[in-house]
Amino acid sequence: MSKKTANAKGAKPRGTFGTLFAIGSSVTLAPVLLRRFKEGRANGDKLAIADAAVSAAALTVGVLQVLRARKSSGKAES
């Protein structure tokens with residue numbers, strides 16, 4: 001099966017370096033989100049807490065999507 005048929009959008013599958021870069025850049029945001037969450041709790045700012053929680057959820061979903069795409073592209077090549 002060719003790479004183009006393995007990916008519905010026709011985009012080149014992400015390599016190991018691209019996967020590591022995407023995950024690494026996302027994970028470096030985690031301490032920032034933790035700090036924003038703690039500041040929101042200290043100030044009693046519910047909106048800041050919600051913002052940090054939603055951002056963390058989006059970060060998690062993004063990392064999981066990268067991992068799933070990497071896993072499925074590995075199955076298609078083998």
Side-chain angles (χ1 to χ4, degrees):
M1 181 188 284
S2 73
K3 289 182 181 180
K4 194 162 201 160
T5 57
N7 190 340
K9 294 181 182 176
K12 180 179 173 187
R14 184 174 286 148
T16 303
F17 179 74
T19 301
L20 292 175
F21 182 77
I23 292 171
S25 61
S26 297
V27 171
T28 57
L29 185 59
V32 174
L33 293 175
L34 182 62
R35 179 182 48 85
R36 286 176 33 197
F37 183 79
K38 287 180 179 179
E39 287 175 356
R41 282 187 57 195
N43 297 333
D45 187 355
K46 291 182 181 180
L47 185 58
I49 294 170
D51 179 48
V54 169
S55 296
L59 177 73
T60 303
V61 169
V63 169
L64 291 175
Q65 284 179 334
V66 167
L67 292 175
R68 181 177 65 182
R70 177 72 178 160
K71 184 178 178 181
S72 67
S73 71
K75 285 182 181 177
E77 291 175 6
S78 44

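The two residues G40 and A48 come nearest to each other via the heavy atoms CA-CB, 4.0 Å. Taking both residues in full, the closest heavy atoms of V63 and S26 are given as CG2-CB, 3.7 Å, listed atom of the first, atom of the second, then distance. The minimum heavy-atom distance between S25 and T28, with the atom names listed, is O-OG1, 2.8 Å.
Under the 4.5 Å side-chain heavy-atom criterion for grouping Ile, Leu, Val, Met, Phe, Trp and Tyr, L59 is not connected to L34 through any hydrophobic cluster.
Separation of atoms CG (L64) and NZ (K71) is listed at 11.5 Å; rounding is to 0.5 Å.
Among residues two or more places apart in sequence or in another chain, the side-chain hydrogen bond (donor to acceptor under 3.5 Å, both in side chains) test is passed with R35 by E39.
Evaluation of the side-chain hydrogen bond (donor to acceptor under 3.5 Å, both in side chains) test over residues 40-53, restricted to residues two or more places apart or in two chains, returns R36-D51.
Considering only heavy atoms from C-beta on, V32 comes within 4.5 Å of L29 through its side chain.
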